[in-house]
Amino acid sequence: MRLDLFSSGVLIGSVERGGPHHVYAYGPHGDAIGAFGDMDAAAAALLRRMPVAA
């Protein structure tokens with residue numbers, strides 16, 4: 001299962017389940033962010049990469 005994640009209508013990346021306890025996060029251009037234990041951790045990693053608005 002693959003989920004695309006958006007913030008304010010902008011694609012920030014996607015998370016993909018690779019099997020039990022294996023979830024992978026990818027940036028908006030397909031760059032690998034890392035492997036995580038669950039969907040929430042992968043999504044949080046993508047959110048941490050977002051620039052902070054001034």
Side-chain angles (χ1 to χ4, degrees):
M1 171 181 21
R2 179 183 178 117
L3 297 172
D4 291 333
L5 301 176
F6 294 85
S7 176
S8 300
V10 176
L11 178 66
I12 62 168
S14 59
V15 293
E16 184 171 340
R17 183 171 299 219
H21 309 291
H22 296 287
V23 178
Y24 303 99
Y26 299 95
H29 303 291
D31 50 317
I33 305 303
F36 301 90
D38 60 36
M39 298 286 257
D40 290 335
L46 289 171
L47 289 172
R48 283 193 300 270
R49 291 176 37 117
M50 288 182 54
V52 177

Considering only distance and modelled atom types, tabulate donor-acceptor pairs under 3.5 Å from the side chains of residues 11-26, sequence neighbours left out.
{"from": "S14", "atom 1": "OG", "to": "R2", "atom 2": "NH2", "distance (Å)": "2.9"}
{"from": "E16", "atom 1": "OE1", "to": "R2", "atom 2": "NH1", "distance (Å)": "3.3"}

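Under the 4.5 Å side-chain heavy-atom criterion for ILVMFWY residues, a single connected hydrophobic cluster contains both L46 and L3. Side-chain heavy atoms closer than 4.5 Å link hydrophobic residues (I, L, V, M, F, W, Y) into clusters, and following such links, even through other members, never connects M1 to F36.
In this structure, CG on L47 lies 7.0 Å from OG on S7, to the nearest 0.5 angstrom.
Applying the salt bridge (Lys or Arg N to Asp or Glu O under 4.0 Å) test to residues at least two apart or on different chains, the pairs with a partner in residues 25-43 are D31-R49.
The side chain to side chain donor-acceptor pair (under 3.5 Å) check on R48 picks up nothing, with sequence neighbours excluded.
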